[in-house]
Structures are given as structure tokens and as C-alpha cells.
Amino acid sequence: MPRRFLLTGGGTGGHVTPALAAAGALRERYPDAEFRYVGLKDKAEGVMVPRAGLPLSTVTSRGLPRPGPGLVGFAWDLGRGVLRAIGLLLQHRPDLIIATGGYASAPVVLANGCLRALRLPHAPLLVHEQNAHLGRMNRLAVGMADLVAVTFPETLAGVPDGRGLYVGYPVRASCAPGERAPAREKLGIPDHARVVFAFGGSQGARTINRAVVDAASELLTDPDVWILHGCGKPFGPRNGHYDGTADVAARIASHAPDLADHPRYRRFDFIEDMAACYAASDLVICRAGAGSLMEVCAQRKAAVVIPKANLPGDHQVRNAQVIERAGGCRVVYERLDPSAGRKAVPYVDGPHLAALVAELLEDPERLARMAEAAASLATTDARRLLAECGAFLLGDGSRPVTTAPAIVADDRVLGLDSASMERLAQQVRDGTMPPLSASEHELLLSKIDGLLAAESWIQRARGCRIAGLTGYAAATPVLLDLATGDLPMVRRDAFRGLHALGRAALERATDLARVLEHGLGDNYYEARAEAAAAVAVLSDDLPAAARRHLVDALVPLARDTSFEVRVAVCEALARVADAPEPVAHALEALHFDPVWKVRGALFEAYALLAERGVLSPGRARAALDEILITANGYLTEYEIRHRRNDAMRRVPHQEV
Amino acid sequence: MLYLLLRALEDIGGPAVFRYVTTRSALAFIFGFVVVIVVGRPLIHLLYRKGIRSFERSYGDINTTAKTGTPIMGGLLMAFGGLGSALLWCDLTNPFVWALFAAAVYFAGFGLLDDWLKIRHRNPDRGIGRATKLASQAIFGLAVGLYLAWPAISPFPGAVGTQLQIPFLKGAFIDLGFGILIWSSFFIAYHVNAVNITDGLDGLATVPAILVLVVIAVFAYIAGNIQLSGHYLYAFIPRSSEITVFCAAVVGAGLGFLWYVCHPASIFLGDTGSLFIGGVLGTAALLIRQEIVCLIAGFIFLLELVSTFVQEQIGFKLFKRRLLPRAPLHHAFQHRGMAESKIVVRFWIVSLICAAMALMTIKFR
């Protein structure tokens, strides 16, 4: 009886490719096997699976939304999907299910779990994880899987009871490197040309599309350079998805009109013949999804890789770093275009990319070395191993034995979420952690840029704080822009960031003075307070006229209803004032403030004013003497804890 | 159990004085207090030695001003004293007592599990998930609602079980019918969460909880006494005066716990304690049908929960800003620089006034 396999996984092409590769390998082993693919209609699998000649059954599912009303639609779609998948499983009775992750695989995995729980006929489950970091869907599937095949050895730690197995990333058999000459002939490219092939995955990537358009004019000044550019297009209805084709057309119209019908610039919506494009090219520009990267490696191509930052576990960056350490590619991080201000999206500077690409194209030997290094990483065994895993679960063979390569040493920034980034930046600033290395610093700045352009205001606010802690002076224009934006807590944290940047923010002094003054009039009290605190550190180097303006803005704030503002104003006035009036008068009103923290700040303010010679010592002393010193607060200190710390310090750590 | 024994002894000439709710309440109160005082110190040492402590997030020197490292799960102590005393002095055949025991054990158990998970993961965010907690509270609330509304199992006469009494108005009530199921779920969840949030400073939750229990005890005594309930025009709920004895036992245990938790605390309630207290408060108020009076008496809890709700759900979600300086309320005062002991005592004063107002509703109608 022929074996029946059910494949599932999708949402993006990165999940579909390995499933198709696995199908190919299983077909070699079981020539009469029957395959069925279960996925979503409007996603990558809807296009790729029929093209691969496999029957596709569709289900409904969606990605897990944030807690909120979206959960209802999610439950509805997933519930229907699971019921349909149960039907499909009972109808086709597969001998093995192979799930490659993505939310498209959720219905089948859950349906199989249901059948198992009900003691109904079900199939063994083989899961393949493509990225270094377990995806959400796969984390769920791992619990129900019989075997979990992983691409990166780091992932094994997340798989319990030895069910994990390192196999690598299965690339399609059709991915074997093609011949260059016929491919070039097919594409009409002369033999001596140097060809750059850029693509952003099946659905296109905005950063790559725009960077390629921006870099193209400069690259094409060299008459030997050809560019093949896959723009990508959304699979289903366009609702909100990035449309690469339209974006590239718009970018060309606005930035590089001469590209529109340039003979050596080829633009594709969807690349039908990837193999020819690969074979014809000398250098590839791509994203760092496991699928694209491994395919490039299998094709023996040198690459410039632009990873997408701040994905779960930073898996794209992690993938890219593995290849870069081996010498197979150059990594370019996404940055923020500071001139774009509030609407900034991550981008890669066109001229910068052009320079890097030109430099690499100049040196064919170096390209060859990179290509060799990349090819050495391509795990060509993965297809076979995956088929063996399948056979093992069918009871047709023994469990394959693999040795996972050593885990690449992590850098401290890789994989951090925004909260951990903030903690790290703070610790580095305080000196409780050693300073960041150059590559860590570069990655951190890229990740901060990602946060500053994030959808969620919480992330943007945190990006501002981290930018300040890291001393990221180039972000000043973005911070200045966010400080006048319409999200209260983002404005607050933009000022906090400027505060932490200190003098580094002063390059844009005129803008800065204007923004600070604007911030002092903010209708949100925390933003006012942080603006005043920023004035205290930044005012020293501002021109005298700007300082006078700031004093005028600060004086009425001494009567602010929020004590946080009054505290910050005390210090700011003490630093920014150049004459005793009207500052002394404003501070006098606070001598009996109901909140002792305000009165506490007054002491520092008067001392500063006297030291700076703004107030006479006699006047300052008289004021200090008048301030009410009763307080509702005091510091509790546990003497026993001091003694414990002292003792702990004296007794050395036991070396283990 | 002692109660049943002493009642049996009455037949062979034992004293009849233990029959009375007042006597047993006093004994339960004293007994609960003494048990906690006696068990307290060894239990604190045991918990500390077993690593049941609030923990540091960072390593190196411990903060000399913070209270990290203080044992948690103090609720165990309170539950032990309160339930132990109740076990001895309550009439264990009384259906109200069963309901209260069920609430106490259910919520203390959940709290215990939550505390244990947090300690095991060394992470205060890794306890039982928010949704699971709410669901567990709603489920218990539903069970209480059924107990009130379903004639087959309800110990209430007539429709009293589903009537929501309105204070300050003579004999006024709203009959909720089966709406009582929703109301009781909400009410239990409200109390459990409110006490949990209030439990942020040394003794901040304990004293207001004790005062609310005292108010409930008084109302239970009235409702369970046919003459008093007739005189004050409350619905007579037969056998409900036994709730007074139970409350007195928990109040005694609460006072004993205050002995250890008063600033600077030797032990924290933990989720074990705050869930236990919240569950008992909510259930007891539902059983004597005096929810609104209970809300007045526990006004501090209301303020704490509402301030948190306003800050997180309305402020952050809707306006994307802080609407209050900090939430919950006691944290706002801390932020202003008020010392812990001062905040705590002031909250006690306010809750004492609230309890007095709640008791006033007996006469002011």
C-alpha cells in the first residue's frame, strides 16, 4: 500500500520551502507515496504548492494576535480550521504528518492532537524548525511532536526529552548550483558582465527594494554591472500587506527615474526562475531568513545580507552572523533615516550599499572565497536526514544520528527584547557590565533604530530611552521629532533620552532649544518634568538668548500642580538662570511646599545658585534657613543587611 | 469540633454557655490569635530556611533599604490559625460554615500554587496567568451564586438568596434573580483582586480586612438572630449567625498575623494570604447578603482596585499616558516620598472610619 504523507506549514515562503524539500526527499525514498499539503489559500503555499505539483487542501487560521478583541476572530478562524483539519485527517488517514511551522500548520497540529487525545486514529508528527529561535507555533507543536528536526543547534535546548535532532535546513533538489553560461544566455546577459541579484523573499522586503533602487544608479554607472531585482508581491488580497512591486515603482519614479527602462536593470514581480537568476549572478543581496540564506549558500554565492532586526530571538541576525563568521557574506544592518523624522522606516543607505557592492564586485577572487565559505555551510544532507526521520517515524529505519556543530558564541545584544536591551544599556552605562564591543554596538544601534520606527508606542518610547543610555547622538533628530509628537509617554521618553545624551545632543542646538521650550509647555505632566530635567543638563552650552527664553518658560512651572515638575524646575532654574530675578522669587514660593521632595530639591538649587554667583551667599543662606525641614519620608535602613554585605565581601567565592 | 463535643457534654451536665454564638466568637477570636502567635516564629524560620522568600532580581550586594528576602506565604499562618480556630469553635454541621471553609481552602490553595510557581521560576511574573486566575475566581463566584439562587441547595429562606440589600433605605432591595450568578462572580473576583493589590505595604491589607470582617460578623449576628433581625428590619437568615464565629476566628488570626507583619515586616502575606482573605471576605459578604455594606466598609480596597484599573486600562490603553501619579493608590503616596509606616497608619485610619460608616447603616435608614 502506498504511503500517505500530509505536509503542513506556511504563511511565508520560508515555511513552505522546507516542506516541499522534505516531500521531494520522501518521494525519492517512497516513489509511490501520496502527498497532500494543507495550508492557507491566500499565502505563499497557495502559489508555491500547486506549482510544485502537490494537491493543496486549504484551512483557515491566523497568527496569534495581541490580547484584545482580535482574539475572537482568531478563535473563530482557528476553530473552523481545526474542525476542517480533523475532517481532512480522517478522510486521508496519513501515515505521517510533517509540520514546518507558521500559523498555517496550527490547525493540523491541533487536530492531530485532538484525535490523539480522543484515542482516534492519528499520525506521528515530525516538526521542522527553520530558525535558530523556536517560533510560537512550533513551541506549541513541540509538545505534541514525535520528533523535532532543527536547523540550528541552539534550538535543541528548547526541545524536551531528547526528541530534538539536528538536521539543518533542507534546500530543494532543484537548488543545486546551475550553469552560469546558459543561464546568462537565457536572461540575455553578456558573459563578461558582473551581475547583482537582489530579492527580499517571496513577498519582497521594503528595505532591500528601496536600498537597491537607491544604489542602482550609482552601480550602473559601471557599464559591466547588471542588476536583477525581485520586488515581490503579496500573495492574497493586498489588505495592509507590503506591496513590493508598487513600492519599487513609486521609489523609481521619485528617486531614480532613469531606472525605469534602463537596459541593465531588470525588475521582476515574482521570480519564476530562481535557479537561472542565481546561476547568472556574482553577488546576491537578500534577507536573512533561514530559507533564503541556506539557498544562497547551497548556490555557492557570495552575499550581502540585510537581516530584519527585532524579530523574535533576533533569528535573522543570528542566522546572518553564523554565515558572516564563516566568511560567507557581509552583513549590513538596517538603520533609520534620520531625515525622515516621525515617519521613519528602517532603511539601508543607498550609496553605502553601492560602495560595498562595488568594492566586492571589483574583487572576483574575494567573491569566490566567500562563495566557497558559504557553500561549506550548506547542509546538503538535510534533505536526506529529514527523509530518514520520516522513515524512522514510519518504522522503516533507525533513528538518524547527527552531530550538531558547536553553538556560535553569542554576543550580548543578540536576541534581546527591548526591556532587556534597556537593562543592558543601563548596566553598561553604570559600569556594572563591561563596555559593548564594536559589533555589539553596531547591532544595538540597529535594534534601537528598529524600536524607534516600531508600530507600538511602548517600543518607541523605550527606543528613546535606550538611545539616550547608549549615547546614540545620531538619533538626536528623531528624538527631537518624537519629543513634539502626539503620544504623551513617547514625548516624555524622548526628553529622557535627550537628557541622557547630554552634550552629545547639542549639535542641533537651535532645534534643541525650541523643542525644550515646547516641552516645558507640554500638557502631559511627565513630559514637562522630563523636559525641565533635560534643560538642567543641556542648558550650559545654549546661547544666552535661548537661556533667557527657557527661564521665562520655567518660572511659571514652579507653581505646577505636579510635584515631579516642581522638583525638576528647581534644578533647571538653578542651572539656567543668569540673574537673581525672577528665579529667586519663583523658588521662594516653594519654601513650604507640601511635598518634601520639592523642598529637598530647593537645597541643591540654592547651593548651585550661590556657587554660580547668581545669588549672594547671604541671600542663599537666608533662604536655606527658611525652608521647612519636616518630612513625611525617611530612608529605612536595615543595619543587619549592611553587616551581611560586608561579611559576604570578605568571604571569597568558592571556585566550582 | 469542640463545639460538638461540648454540646454533647451538655446532656450529661456540662455548662450550656458554649451554645451561644457570642461566647464561641470570643473564644474563637482569642484562640485564633494565640495559635498564630505560637506557630508564627517557627513557621517564619521554616519558610526562610526552605527558600520561600521574596527574591532579588539582581545578584551581588543585597539592597539594605529593601525588604527582599523576607519570607512569603504568610497566608499559611493566617489560614492555619483562622481555620484551626474555626474548626474547633464553629458548628461544623452548618451549611454557611461549609461554604466559608470551601472558599478559604480553594483560594488559599490557589494562592499557594501561585506563590510556589513564582519561587520556582525565581520570577514574580511567572505565577499563574492572569486569565487563569480570573477564571478560577469567576468559577468559584458562580458556585456561590448557585448556592444562593438554587432552591435545592440554598440554605436561604424564600428569595432572600437573590436579593441585593440597599443600605440607608428601609427594607429596600433589588431582586437579581439569576443575575446573582454574574453578580457573585464579579463580587468574588473583585474582592480577591482588590485585597491582592492592596497587599503592597506592611500590614496595609491586614487591618482593613480585619475591620471588614468585624462588620460582616456584626451583620451576620443580626441576620441570624430572629429578634434582632426583626428589630432592625433585616431579612432573617436562619443559622447564619455561625458566620460570626468563623469571622471572629479569622479576625483573631489576622491580629496575630499583624503582630508579625507590622512595619518592618517579618513575613509577607503572599498570594496565599491575599487570595485567602479576599475569598473569605467576598464569600462571607455574599452569604449574609450585605454586599454593598461590605463595599463601604472596604472602601480602601475599592480605591486601590479602581486606581489600578484607571491607570492601566483607561490611562495606558486608551490615553497612552498616566492619569494618576502612580497606581495602586498607596504607591502614589510612596512616589511622593511618604514613608511606608505613615501611609499604612493613614490607610488604617481611613478604613476605620469606613467600617464605622458601614456599621452606621444599621441605624441610619
Side-chain angles (χ1 to χ4, degrees), chain A residues 66-69 71 419 423 426-427 430 432-433 456-458 460-461 485-493 522-527 529 561-567 593-601 630-649 653, chain B residues 48 53-54 56-70 123-125 129-135 201-202 262-266 311-327 330-347:
Chain A
R66 287 210 201 107
L71 280 169
R423 211 172 306 133
Q426 182 72 55
Q427 285 167 337
D430 295 346
T432 51
M433 279 278 234
S456 136
W457 63 269
I458 297 174
R460 250 176 295 159
D486 48 8
L487 289 160
M489 305 235 341
V490 178
R491 292 201 299 270
R492 175 197 74 178
D493 285 342
D522 202 296
N523 61 14
Y524 181 47
Y525 74 98
E526 285 193 300
T561 49
S562 144
F563 84 89
E564 292 96 330
V565 178
R566 300 200 297 272
V567 168
D593 197 285
V595 181
W596 66 264
K597 285 187 170 179
V598 179
R599 288 179 270 130
T630 64
N632 274 336
Y634 57 90
L635 208 61
T636 47
E637 279 243 77
Y638 295 85
E639 196 186 336
I640 191 169
R641 289 169 185 251
H642 275 295
R643 297 192 184 183
R644 178 185 185 272
N645 287 342
D646 289 343
M648 283 284 194
R649 267 194 291 272
H653 277 286
Chain B
Y48 189 84
R53 318 171 194 173
S54 63
E56 304 275 324
R57 274 172 188 274
S58 59
Y59 296 91
D61 277 5
I62 58 168
N63 190 338
T64 54
T65 59
K67 286 177 285 190
T68 47
T70 306
N123 181 351
D125 303 326
R130 203 175 183 164
T132 320
K133 269 189 189 165
L134 270 179
L201 298 177
D202 298 347
C262 57
H263 186 72
S266 320
Q311 185 83 323
E312 285 181 5
Q313 305 300 325
I314 301 179
F316 285 149
K317 289 256 170 76
L318 213 63
F319 295 103
K320 302 178 174 52
R321 54 168 284 180
R322 285 202 169 99
L323 292 176
L324 306 163
R326 288 291 182 279
H330 62 262
H331 197 40
F333 290 108
Q334 273 191 309
H335 175 64
R336 280 169 74 99
M338 198 184 281
E340 178 166 358
S341 46
K342 193 141 187 160
I343 303 172
V344 170
V345 173
R346 284 186 175 172
F347 271 51

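These numbers were taken from a predicted model, which means no experiment stands behind them.
Annotation for R322(B) and Y524(A): closest pair N-OH, 2.9 Å, computed over non-hydrogen atoms. Closest heavy-atom contact between R326(B) and E526(A): NH1-OE2, 3.9 Å. Between P488(A) and F319(B), the shortest heavy-atom contact is CG-O, 3.9 Å.
Only the side chain of K342(B) comes within contact range of chain A, with at least one heavy atom under 4.5 Å from a heavy atom of that chain. Using a 4.5 Å cut-off between heavy atoms, R346(B) touches chain A through its side chain atoms alone. Contact annotation for R492(A): only side-chain heavy atoms (C-beta onward) come within less than 4.5 Å of a heavy atom of chain B. With a 4.5 Å cut-off on non-hydrogen atoms, F316(B) touches chain A through its backbone and its side chain both.
Ranked by heavy-atom pairs under 4.5 Å with chain A, the first of Q334(B), K317(B), H335(B) is H335(B).
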Run the numbers on K320(B) and D486(A) for side chain to side chain contact (heavy atoms under 4.5 Å, CB included), then give the verdict.
CA-CA 10 Å; K320(B) 302 178 174 52; D486(A) 48 8; over 6 Å; no
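Around CD1 of I640(A), the count of heavy atoms belonging to other residues, nucleotides or ligands within 6.0 Å does not exceed 12.
Residues H263(B) and T636(A) form a side-chain contact, since some pair of their non-hydrogen atoms from C-beta on lies under 4.5 Å apart.
Taken to the nearest 0.5 Å, the CD atom of E340(B) stands 8.0 Å off from the OH atom of Y634(A). Atom OH of Y525(A) and atom CZ of R321(B) lie 7.5 Å apart (nearest 0.5 Å).
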